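The structure displayed is predicted, hence computed values, not measured ones. To find a chain, count down the sequence lines: A is the first, B the second, and so on, and within it residues start at 1.
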2 protein chains.
Amino acid sequence: MSASFEFERDRAYNRIVALIFGGTYDAATPLSERKLAQALDMGRMPVREALRQLEQEGVVEVRPARGTFVRSVSPEDLAEVYRVREALEGLAAELAAGRPTTGALAACGTRMRIMARDASAFTAAEIDDAGTEFHNLLMEASGSVPLSEAVRLFRMRFRLAFHLPRYFAQEIAQETLAEHIAILEAVEARDPVAARARMVDHLARGLELRLKLETGVGRKPAKGTDTSSNSGMEKTQ
Amino acid sequence: MSASFEFERDRAYNRIVALIFGGTYDAATPLSERKLAQALDMGRMPVREALRQLEQEGVVEVRPARGTFVRSVSPEDLAEVYRVREALEGLAAELAAGRPTTGALAACGTRMRIMARDASAFTAAEIDDAGTEFHNLLMEASGSVPLSEAVRLFRMRFRLAFHLPRYFAQEIAQETLAEHIAILEAVEARDPVAARARMVDHLARGLELRLKLETGVGRKPAKGTDTSSNSGMEKTQ
DNA sequence: ACTGGACGACCGGTATACCAGTTGCAAGTG
DNA sequence: CACTTGCAACTGGTATACCGGTCGTCCAGT
């Protein structure tokens, strides 16, 4: 009831994120504050604040009097982003294993187990979404607000590093699903060490997978106008 | 030559940080954009952007139509902030131990060893500053840009959690100094496991120390006008 | 004396205008 | 034709003005 009013800045942020991850901008085309404001039919200030936040999150680089550009992620950086993620989400898994399991996390687990039992009944996108939710709920289940905020600050870097996903093959989605369930089992079994280890392994496999897909990163998109297909959903793995 | 021009926003940021950590504001007095702009003799926009950054960094909380306030850190949060810090700086120590030692880090080590040999010749503040530099250089020495950025994003939370320091007793400073040297030795010995372990222990001890000093957090400062004694230096432990 | 409602000071959010720096192209010059 | 030069069209950075919302205060009515 109290908060949750959406400011112009938030709308601008979501739409710009959708544009960036929709592939509208390559590393050379500037995200002009004025042009974005005009395209999104809002003032310059909310757009500016959204871009400033994206700069803080490492998604975008501002060169004064030059323009604002999407940052490119080198393969080395990619590996290092994943190490940071291992540290943070590994800690989250460890902490979550040390306290009673959240109801929401348990519900997500139930859904994942149903999916695992009859995988052919679900699309890769559905399984992927469940995985994203799993990561988010596990973070909440850690019970550490500072940790959650750290991950939130760093999350866009994960997305930027991954970037080209969204065509998870069914097979890959199932493997990922199995790993998620394995992590959850360690959490439910109150085994912090195993929970951390399985999370780290899971992420390491994700990095490996991502490195194999090292193609099509520099594709030149069609400079579409607006509404990306991406509805603003997070994708965390 | 290229970057490093200081914008109004950066000057505003530094001065506001000095004000906050100088104790000018308690949790109830708002940091008004207009009043700050007038007090710092600059426009509202740079002040606003500085406050926005401080909000991202978790130092400040914005309540629309109410005001902007310094966030208070609960003791539980404090422990969790330190766990995140252990994860990040522990990783930094581990990575730094896996690569050739930086020249700057070695120089800092030399200085710290001189201090350790004849501690009575140095003030606690000098030793503390060397420790801060050690943490920063170790982060650089990790060679991971993403890790450095994660820490940079989270650093103000460390400071906010610690907050009341700056009167390190000589004895405590020496103990901390010894721990820093121990970490450095593990790094120089190319022992990632020991480096991480010693860093984690070091931070755990820092948390313990901080929890003992759980006094005077809610003091009501004298609402001074401007220039804090704090010159804008970071303090990392 | 107490209570309720209106007014005014203050808040952050947003829009608009102007500034200085950068860049690329085009016109002028050898 | 190659090169210089300067203008014009951008960029982000900053200032100022205005908006709706919040809250304390003060006065009117009880």
Problem - B/S/- contact track for nucleotides 10-20 of chain C, protein heavy atom under 4.0 Å - result: -BBBBBBBB--
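When rounded to the nearest whole Å, the span between CG of A:Leu36 and C1' of D:dC10 equals 15 Å.
With hydrogens and angles ignored, the 3.5 Å screen pairs a side-chain donor or acceptor of B:Asn14 with a backbone N or O of B:Asp10. A donor-acceptor pair under 3.5 Å links the side-chain atoms of B:Thr24 to the main chain of B:Leu19, judged by distance alone.
Residues passing the salt bridge (charged side-chain N to carboxylate O under 4.0 Å, His left out) test with B:Arg11, sequence neighbours excluded: B:Glu8. For A:Arg52, the salt bridge (charged side-chain N to carboxylate O under 4.0 Å, His left out) partners two or more places apart in sequence, or in a different chain, are A:Glu55, B:Glu49. For A:Leu153, the side chain to side chain contact (heavy atoms under 4.5 Å, CB included) partners are B:Gln56, B:Leu153, B:Arg157, not counting sequence neighbours. B:Phe154 pairs by the ring pair (Phe, Tyr, Trp, His ring centres under 6.0 Å) definition with B:Phe158, not counting sequence neighbours.
Between its opening and closing five pairs, the helix from C:dA1-D:dT30 to C:dG30-D:dC1 changes axis direction by 20°, a value rounded to 10 degrees.
Using a cutoff of 4.0 Å between basic side-chain nitrogens and carboxylate oxygens, B:Arg71 and B:Glu61 are not scored as salt-bridged. Ion pairing of B:Arg111 with B:Glu133 is present here, as a side-chain N (NZ or NE/NH1/NH2) and a carboxylate O approach within less than 4.0 Å.
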